[in-house]
**Student:** 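Got a structure for you, questions after.
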Amino acid sequence: MEVFECILKYLSLKDSLKLMRVCQVWSCSVSEIIYQSPPLLNENSFSKLISLLLLENTIHPYPLLIKELVFDAISANELLMGDLQVSDKF
């Protein structure tokens with residue numbers, strides 16, 4: 001699977017999300033790459049990530065996959081301190 005994972009790193013987010021639907025093996029590999037540093041483009045994407053992290057009994061252990069959260073300047077300006085306090089629970 002190493003070659004497959006190297007290829008995944010070069011795919012767009014849109015293409016990666018499509019691959020997650022192919023089969024469970026691909027889904028696991030893709031989710032590991034996407035959620036290492038999930039794309040946080042705006043307040044809405046941050047809210048969706050928090051909602052996903054709060055779900056129980058998911059196929060993938062999303063909170064364990066996240067290694068870093070990187071906020072671009074626009075999304076950082078839209079977030080409230082309370083939003084960040086919720087994310088600190090993970």
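Each residue takes its place number in the sequence, starting with 1. No experiment lies behind these values; they were computed from the predicted model shown.
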**Student:** Is it the case that atom CG in L55 sees more than 12 heavy atoms from other parts of the structure closer than 6.0 Å?
**Tutor:** yes
**Student:** Does any non-hydrogen side-chain atom of S37 lie less than 4.5 Å from one of K67?
**Tutor:** no
**Student:** How many angstroms lie between CG in L49 and CG in L54, if you round to the nearest 0.5 Å?
**Tutor:** 9.5 Å
**Student:** Ignoring hydrogens, what is the shortest heavy-atom contact between S16 and L11? Give both atom names and the distance.
**Tutor:** OG-CB, 3.7 Å
**Student:** Kindly compute the distance separating OH (Y10) from CD1 (I33), expressed to the nearest 0.5 Å.
**Tutor:** 11.0 Å
**Student:** Where do S31 and M20 come nearest, in terms of heavy atoms and distance?
**Tutor:** CB-CE, 3.7 Å
**Student:** Please report the closest heavy-atom contact between Y35 and L52, naming both atoms and the distance.
**Tutor:** OH-CD2, 3.4 Å
**Student:** In sequence, state the C-alpha distance, the side-chain angles, and the governing distance for F4 and L8, and then conclude on side chain to side chain contact (heavy atoms under 4.5 Å, CB included).
**Tutor:** CA-CA 6 Å; F4 181 67; L8 289 176; 3.5 Å; yes
**Student:** Ignoring hydrogens, what is the shortest heavy-atom contact between L53 and P63? Give both atom names and the distance.
**Tutor:** CD2-N, 3.6 Å
**Student:** Check the surroundings of atom CD in E68: do more than 12 heavy atoms from other residues, nucleotides or ligands lie under 6.0 Å from it?
**Tutor:** yes
**Student:** Contact between S27 and V22 at the side-chain level, heavy atoms closer than 4.5 Å - yes or no?
**Tutor:** no
